[in-house]
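Hydrogens, waters and symmetry mates play no part in the numbers below; they use all other heavy atoms, side chains included. Chain naming here is simple, since letters A, B, ... match the order of the sequence lines and numbering starts at 1 in each.
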There are 2 protein chains.
Amino acid sequence: MAASRRAPARRKRPDAYHHGDLRRALVGEAVRTVEAQGIEALTLRAVALRLGVSRTALYRHFADKGALLGAVAAEGFRTLRAALVGAWEAEGRGRKGFVAMGEAYVRFALDHPSHYRVMFGGFALPPDPALADPAGSAFQALVDALVEQQERGEVRDDPPLMLALHVWSLVHGVAMLALDGQLGAGGPPPSAVTQFALERLLSGIEVGVKR
Amino acid sequence: MAASRRAPARRKRPDAYHHGDLRRALVGEAVRTVEAQGIEALTLRAVALRLGVSRTALYRHFADKGALLGAVAAEGFRTLRAALVGAWEAEGRGRKGFVAMGEAYVRFALDHPSHYRVMFGGFALPPDPALADPAGSAFQALVDALVEQQERGEVRDDPPLMLALHVWSLVHGVAMLALDGQLGAGGPPPSAVTQFALERLLSGIEVGVKR
DNA sequence: ACCTGAACACCGTTCAAGT
DNA sequence: ACCTGAACACCGTTCAAGT
């Protein structure tokens with residue numbers, strides 16, 4: 001039955017029924033399509049065809065296209081969170097780690113532009129409130145890093161939620177403008193803008209002179 | 001001929017040909033539709049129908065739907081620029097005026113969410129390089145305000161382009177997150193986030209202690 | 001339960017033809 | 001030049017039917 005020792009899971013099994021985890025397979029194929037060909041190339045028909053499944057099989061697992069896009073977005077937020085936490089911990093959980101976190105954020109957006117648009121472009125349906133919220137979880141990683149720095153007296157004692165929204169806004173803004181090519185026209189490269197922005201950001205939220 | 005003294009330009013003239021400025025009319029109707037019903041409600045067929053014109057008349061003026069969306073976006077950038085310059089001048093071209101400018105930016109996005117998405121969502125085609133670039137023109141208003149403050153010694157002597165991208169990223173990020181409802185869930189209102197962000201931003205770019 | 005095949009309503013775009 | 005009407009290829013979604 002479980003012939004788990006063959007080639008690394010090709011496409012399109014000849015089985016009549018796609019037994020097992022069709023839901024997962026649908027999300028995976030949708031993510032691949034979005035990453036490789038962009039949002040507008042993502043049609044439900046193409047996804048089904050590529051999985052060797054009927055066009056309507058999808059509706060057993062998702063209410064509509066928006067729900068599928070919601071799952072694609074959720075997948076993106078999980079990857080993003082891992083990248084953020086990874087950078088923060090690899091660079092020492094201090095100022096340097098925080099800058100690395102910001103850079104990792106922008107890099108994620110530039111490395112996965114279409115996926116990032118699905119996450120923030122208003123296509124995806126809001127997640128089921130009953131389920132874990134991957135977007136909130138990614139955001140929480142940022143809040144945690146700020147609180148940790150506050151406890152060490154490295155960051156201003158403002159409400160962490162406010163600080164986190166401030167930081168998120170900045171990196172999200174840089175990422176979006178870079179994706180839109182609004183930075184590109186002869187101007188400085190995204191990495192330079194990111195570094196400058198994070199530098200100025202920190203000088204605005206670090207503990208320092210009162211004003 | 002020019003019966004310019006009738007009712008304020010109803011819809012759907014009974015004329016066989018839509019003489020005059022069909023291009024303008026198309027953009028206007030598209031903007032109205034986007035503002036009132038959202039992006040996904042904007043179909044070329046509906047726009048044509050509402051103007052009492054054939055479905056294909058549009059192709060005499062625009063290459064495709066993306067080009068029409070480009071014109072819609074351009075219209076948005078012109079309005080945005082006017083709002084920014086208005087706030088800057090009305091509040092005294094100083095720190096207060098600059099904060100007002102930032103608030104005006106976020107307010108524009110919140111007042112015209114769908115239009116704003118057209119401007120930044122990657123739907124619109126890039127503008128004809130030969131034509132004036134309304135997005136660049138709106139951005140220039142920001143650069144000008146920063147240079148003016150630098151000349152008065154109120155803002156750090158960093159490259160104005162860099163500073164402007166930094167500021168734009170921040171307000172754009174706040175606007176996008178608010179539009180996505182990512183700020184909404186029990187958190188502080190967008191106006192509070194905007195004010196906090198601008199406060200911290202200024203403390204990061206104003207002339208002050210070296211660090 | 002899960003999947004299928006045919007059908008429906010809708011879309012952007014093309015093109016030969018009209019004035 | 002500018003506009004029209006019919007047609008094409010494509011899409012998301014529904015639904016009765018199969019196993």
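Rounded to an integer number of Å, the gap from B/E40 CD to C/dC10 P is 16 Å. In this structure, the CG atom of A/D21 is 14 Å from the C1' atom of C/dC2, given to the nearest Å.
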Paired and unpaired positions of DNA chain D as dot-bracket, Watson-Crick or G-U wobble under 3.5 Å, | denoting a partner strand: ||.|||||...|||||.||
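Scanning for side chain to side chain contact (heavy atoms under 4.5 Å, CB included) contacts around B/L161 gives A/P188, B/F139, B/L165, with sequence neighbours left out. For A/F108, the ring-ring contact (aromatic ring centres under 6.0 Å, His included) partners are A/H112, not counting sequence neighbours.
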Derivation and outcome, side-chain contact (heavy atoms from CB on, under 4.5 Å), residues B/F98 and B/E91: CA-CA 8 Å; B/F98 199 70; B/E91 296 296 329; over 6 Å; no
Could you go through nucleotides 12-15 of chain D and list every protein N or O atom that sits under 3.5 Å from one of its N or O atoms, giving the distance for each pair?
{"from": "D/dG12", "atom 1": "OP1", "to": "A/L44", "atom 2": "N", "distance (Å)": "3.2"}
{"from": "D/dG12", "atom 1": "OP1", "to": "A/K65", "atom 2": "NZ", "distance (Å)": "3.1"}
{"from": "D/dG12", "atom 1": "OP2", "to": "A/L44", "atom 2": "N", "distance (Å)": "3.2"}
{"from": "D/dG12", "atom 1": "N7", "to": "A/R45", "atom 2": "NH1", "distance (Å)": "2.3"}
{"from": "D/dG12", "atom 1": "O6", "to": "A/R45", "atom 2": "NH1", "distance (Å)": "3.2"}
{"from": "D/dT13", "atom 1": "OP2", "to": "A/Y59", "atom 2": "OH", "distance (Å)": "3.0"}
{"from": "D/dT13", "atom 1": "OP2", "to": "A/K65", "atom 2": "N", "distance (Å)": "3.0"}
{"from": "D/dT13", "atom 1": "O5'", "to": "A/Y59", "atom 2": "OH", "distance (Å)": "3.2"}

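By the 30° and 60° cut-offs, the orientation of the rings of A/Y116 relative to A/H172 is tilted.
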Taking only distance into account, with no hydrogens and no angle test, what donor-acceptor pairs under 3.5 Å do side-chain atoms of residues 69-86 of chain A form with protein atoms, sequence neighbours excluded?
{"from": "A/T79", "atom 1": "OG1", "to": "A/E75", "atom 2": "O", "distance (Å)": "3.1"}
{"from": "A/R81", "atom 1": "NH1", "to": "A/S137", "atom 2": "O", "distance (Å)": "3.0"}

Just list the side-chain donor-acceptor pairs under 3.5 Å for residues 38-47 of chain B, sequence neighbours left out, or say none.
{"from": "B/T43", "atom 1": "OG1", "to": "B/A46", "atom 2": "N", "distance (Å)": "3.0"}

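No side-chain N or O of B/S114 forms a donor-acceptor pair with one of B/R117 less than 3.5 Å apart.
Side-chain rings of A/H115 and A/F120 stay apart, their centers remaining 6.0 Å or farther from each other.
Between A/H61 and C/dC3 there is a side-chain N or O to OP1 or OP2 distance below 4.0 Å.
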